[in-house]
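Inspection log for the structure reproduced underneath, given as structure tokens.
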2 protein chains.
Amino acid sequence: MGRRNLHTREQQTEMAIAATELILVREGMQGLTMRKVADAIGYTVGNLYLLFQNQDQLLLAVNERTADAIYVALRDSVEGIAEPRAQTKAMSAAYIEFGLRHASRWRLMFEHSLPVGAARPRAIELRIRRMFELVENGLRPQMPGAPEERLRLTATTLWSGVHGICVLAVTGKLRWSGTDNFRDLSDHLVDTFLLGLGNERGTGIKRGTARASAAE
Amino acid sequence: MGRRNLHTREQQTEMAIAATELILVREGMQGLTMRKVADAIGYTVGNLYLLFQNQDQLLLAVNERTADAIYVALRDSVEGIAEPRAQTKAMSAAYIEFGLRHASRWRLMFEHSLPVGAARPRAIELRIRRMFELVENGLRPQMPGAPEERLRLTATTLWSGVHGICVLAVTGKLRWSGTDNFRDLSDHLVDTFLLGLGNERGTGIKRGTARASAAE
DNA sequence: CTCAATTATGAACGACGTACATTTGAAATC
DNA sequence: GATTTCAAATGTACGTCGTTCATAATTGAG
């Protein structure tokens, strides 16, 4: 067969991404192959390589969507919520909820890594950054007068923590503890952290000296 | 060739695990193959399958060691430190330090997942549990009179948070933020969280209702 | 209708995880 | 020391993977 004109390049790309997500959901990352994706959209493997340079690029495209979806989920979660603390809690709950509900896509996003030395994709970084900005916005009213850099540090810290709960929840690494209610964990983290934030007095953030030591 | 008696089964197993770790360090998870491991220990692939049922079992053996190493690192990090808060901070710093220094092995441990429906290995769970107990021990003096279940919840929460920082640090997902000093992040998290813990008053941990909804 | 340009194909390649019949050599028996 | 025995190690084979590319099929322009 030659040119079929059934779908444009863009349509095929769209279909391929959607098919990848579906396979990911149904069979996990290990069940995903280029051939399955090609079959699912009614084309051959060779054709898939006219759409994506390689498998990594396809997965990157999927991750880009996932990042968008997370952003939207977080943004929606604070809609209509005025109280800053409630906003932060709602966002963290929404984040974990998303991770659990879309486990395979979420894991692909955070576990897939490019071959060594490959350039980190701008698009994904940008989206992670936007996500953190959302957190900063919710945090700002709770830290009146704090310099912007301090706000960023705090947002990064808190959200890394929330992310940690999500990681362990999604990968089932907390199963031994009997904890199946992750909302408790995230609420506890956010509540306690924010409480501590409001009670800082003379504690003074210590700027440590240990730098990231690249090894191994 | 037949029986060579150069190494016992146990020695070969040991060699295989060590070789796997070395390859992991040098080439990452994607560079790891059964053939490379076999070559590295001077045996053939077939022989490797007399030592490990399959690749997953080999990786599990590696992960078991990693878990032990983390445990030891955490235990050593609090040696000679009396003050509970300092203990907790030292442990979290040691945890992140370990993750950064042994990135590939650390990632393998937390990102490798068995095929769907496979039983979670007891040995690994046990080791994760022991690690959390270490955290609980450091936390206990800082929560006088707290019931054991609450202590466990708190330890899980805090350590999930530390883990989150570690994940993002190790996978380079925080690179955009200019943060290369992860000790700042973990100290900030621990300080603020513990401060909040000491100031709880009428806040009362809310027991949420959202359960883990298995989906996708 | 013809023909160049484009699009999709499918065969092929090397590498992978894994299985297993075959061969090798150490030890047991005589 | 020769022979037997049997575990240990080999190496070939199979199916699948990601990826490439010569080839065939289809389209739109002239």
Side-chain angles (χ1 to χ4, degrees), chain A residues 1-17 19-21 23-24 26-63 104 108 111-118, chain B residues 1-17 19-20 22-24 26-63 104 108 111-118:
Chain A
M1 248 190 286
R3 186 195 301 198
R4 287 196 283 167
N5 269 18
L6 291 182
H7 310 95
T8 66
R9 273 277 129 92
E10 287 73 25
Q11 283 176 316
Q12 292 180 26
T13 302
E14 173 64 38
M15 290 161 63
I17 294 176
T20 303
E21 290 177 339
I23 295 172
L24 223 44
R26 293 214 275 234
E27 312 184 39
M29 329 177 40
Q30 9 217 0
L32 181 74
T33 72
M34 294 298 269
R35 282 173 231 265
K36 276 188 197 169
V37 174
D39 278 358
I41 66 174
Y43 284 85
T44 58
V45 218
N47 190 60
L48 203 49
Y49 281 84
L50 299 177
L51 307 174
F52 300 94
Q53 198 189 340
N54 52 40
Q55 196 179 44
D56 276 334
Q57 296 303 314
L58 168 59
L59 298 186
L60 247 35
V62 172
N63 283 345
S104 335
L108 178 70
E111 293 177 10
H112 174 255
S113 59
L114 299 169
V116 292
Chain B
M1 251 188 282
R3 186 192 303 195
R4 288 195 283 169
N5 272 16
L6 292 181
H7 310 94
T8 66
R9 273 277 129 94
E10 287 73 25
Q11 283 176 315
Q12 292 181 28
T13 303
E14 172 63 39
M15 290 161 63
I17 293 176
T20 304
L22 192 66
I23 295 172
L24 222 44
R26 292 215 276 235
E27 312 185 39
M29 331 178 37
Q30 10 216 359
L32 181 74
T33 71
M34 294 299 268
R35 282 175 231 265
K36 276 188 197 169
V37 174
D39 278 358
I41 65 174
Y43 286 84
T44 57
V45 218
N47 190 59
L48 203 48
Y49 281 85
L50 299 177
L51 306 174
F52 300 94
Q53 198 190 339
N54 52 42
Q55 196 178 44
D56 276 334
Q57 296 303 313
L58 169 58
L59 298 186
L60 247 34
V62 173
N63 284 344
S104 336
L108 178 70
E111 292 177 9
H112 174 255
S113 59
L114 299 169
V116 292

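It should be emphasised that the depicted structure is a prediction, and the values quoted were computed from it without experimental measurement. Per chain, numbering begins at 1; letters A, B, ... match sequence-line order.
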Rounded to whole Å, CD1 of A:I41 lies from P of C:dT7 at a distance of 15 Å

Is any side-chain heavy atom of B:R9 closer than 4.5 Å to one of B:L50? yes

Contact pattern, 5' to 3', of nucleotides 14-19 of chain D - B, S or - by protein heavy atom under 4.0 Å: ---BBB

Which whole-number value in Å describes the distance from B:Q57 CD to C:dG17 P? 15 Å

How close or far is atom P of D:dA24 from atom OH of A:Y43, stated in whole angstroms? 21 Å

Mind checking what makes side-chain hydrogen bond (donor to acceptor under 3.5 Å, both in side chains) contact with A:E14, not counting sequence neighbours? A:R65

Can you pull out every salt bridge (charged side-chain N to carboxylate O under 4.0 Å, His left out) where at least one residue sits in residues 28-38 of chain A? Sequence neighbours excluded, please. A:E27-A:K36

Mind calculating the distance between CG (B:L48) and C1' (C:dC16) to the nearest angstrom? 14 Å

dist B:Q12:CD -> B:L51:CG (nearest 0.5 Å) comes out at 5.0 Å

Here the distance between atom C1' of C:dC20 and atom CG of B:N47, to the nearest Å, is 14 Å

In chain order, what residues pass the side-chain hydrogen bond (donor to acceptor under 3.5 Å, both in side chains) check against A:D56, with sequence neighbours excluded? A:H112

Atom CD of B:Q53 with >12 non-hydrogen neighbours under 6.0 angstrom: no

Under a 4.0 Å heavy-atom cut-off, which of residues 6-14 of chain B touch DNA chain D? B:R9, B:Q12

According to a strict under-4.0 Å criterion, is A:N5 in side-chain N/O contact with OP1 or OP2 of D:dG28? yes

Spacing of OG1 belonging to B:T20 relative to CZ belonging to B:F52, to within rounding of 0.5 Å: 6.5 Å

Report the distance from atom CG of B:D39 to atom C1' of D:dT10, rounded to the nearest whole Å. 13 Å

Tell me every residue that passes side-chain hydrogen bond (donor to acceptor under 3.5 Å, both in side chains) with A:Q55, counting only those two or more places apart in sequence or in another chain. none

